[in-house]
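Working notes, beginning with the structure itself.
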Amino acid sequence: MADTSGHLPRGPARIFKAAVWSMQGLRAAWLHESSFRLEVYLSVVLVPLALWLGQGAIERALMIGSLLLVLAMELANSAIEAVIERYGAEHHELAGRAKDMGSAAVFVLMLNVLVCWGLILGPRLF
């Protein structure tokens with residue numbers, strides 16, 4: 001929802017409301033999006049692994065940050081798909097393109113995870 005008070009700073013009550021809305025979005029994604037649940041499960045395994053294998057804060061931040069980017073884009077992709085489905089299930093070229101692009105964005109960020117983890121851990125393994 002857009003600010004109705006212009007560009008004035010937000011107070012604690014408004015920040016709390018935003019946090020509640022964010023939690024509602026996370027809950028909806030968990031309940032309705034199997035891809036999001038799978039990515040959360042992978043993150044539950046990979047975040048501790050990143051904390052263990054990363055040598056220093058920068059490596060750990062890159063490894064964990066790349067996982068968080070996938071989750072964030074999955075949320076955006078799910079939002080895109082929900083809006084498209086809101087307007088009907090019939091096929092439309094632009095709707096299909098938007099859904100494909102959202103999926104492609106998630107895929108690119110998954111590649112980013114592989115690149116980050118590979119560049120950090122690869123030299124230690126080979």
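Please read all numbers here as calculations on a predicted model, not as lab measurements. As a basis for the values below, the full set of heavy atoms in this structure was taken, side chains included, without hydrogen atoms, waters or symmetry mates. By convention here, the first residue in the shown sequence is residue 1.
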In this structure, CG of Leu119 is separated from CE of Met63 (nearest 0.5 Å) by 11.0 Å
dist Asn112:CG -> Leu69:CG (nearest 0.5 Å) comes out at 6.5 Å
Here the ring pair (Phe, Tyr, Trp, His ring centres under 6.0 Å) pairs for residues 103-126, sequence neighbours left out, are none
Notebook entry, point to check: In terms of hydrophobic clustering (I, L, V, M, F, W, Y; side-chain heavy atoms under 4.5 Å; direct or indirect links), are Ile15 and Met23 co-clustered?
Noted result: no
Smallest heavy-atom separation, Ile80 atom then Ala98 atom, equals CG2-O, 4.1 Å
Sorted by chain and number, sequence neighbours left out, side chain to side chain donor-acceptor pair (under 3.5 Å) with Glu93 holds for Arg97
dist Ser43:OG -> Leu68:CG (nearest 0.5 Å) comes out at 6.5 Å
| request: Tell me whether Phe36 is reachable from Val44 by hopping between hydrophobic residues (I, L, V, M, F, W, Y) whose side-chain heavy atoms are closer than 4.5 Å. | output: yes
Verify the neighbour count for atom CZ of Arg124: are there more than 12 heavy atoms of other residues, nucleotides or ligands below 6.0 Å?
yes
Query raised in the report: Can you tell me if Ser103 uses its side chain to pair, donor with acceptor, with the backbone of Lys99 under 3.5 Å?
Result: no
Value for CG (Leu49) from CG (Leu42), rounded to nearest 0.5 Å, stands at 11.5 Å
ask   = Hey, quick one: are Met101 and Val83 part of the same hydrophobic cluster, counting side-chain heavy atoms closer than 4.5 Å, chains of contacts allowed?
value = no
query = Is there a donor-acceptor contact under 3.5 Å from the side chain of Glu85 to the main chain of Glu81?
reply = no
| Is Leu94 atom CG crowded by more than 12 heavy atoms from other residues, nucleotides or ligands, each under 6.0 Å away? | yes
Here the gap from Phe16 atom CZ to Trp21 atom CH2, rounded to the nearest 0.5 Å, amounts to 11.0 Å
Heavy-atom closest pair (Glu39 atom, Val106 atom, distance to 0.1 Å) is OE2-CG1, 3.9 Å
Worksheet entry | Side-chain heavy atoms of Leu26 within contact of Leu75, under 4.5 Å | yes
Do Trp52 and Leu121 share a hydrophobic cluster, counting only Ile, Leu, Val, Met, Phe, Trp and Tyr and linking them when any side-chain heavy atoms are less than 4.5 Å apart?
yes
Tested for side-chain contact (heavy atoms from CB on, under 4.5 Å) against Ser78, the lone hit among Met73, His32, Glu33 is Glu33
In terms of heavy-atom contacts, Met110 and Val70 come closest through N-CG2, 3.9 Å
Rounded to the nearest 0.5 angstrom, the SG-CD1 distance for Cys116 and Ile64 is 12.0 Å
In the single-linkage hydrophobic clustering (I, L, V, M, F, W, Y; side-chain heavy atoms under 4.5 Å), do Leu109 and Val115 co-cluster? no
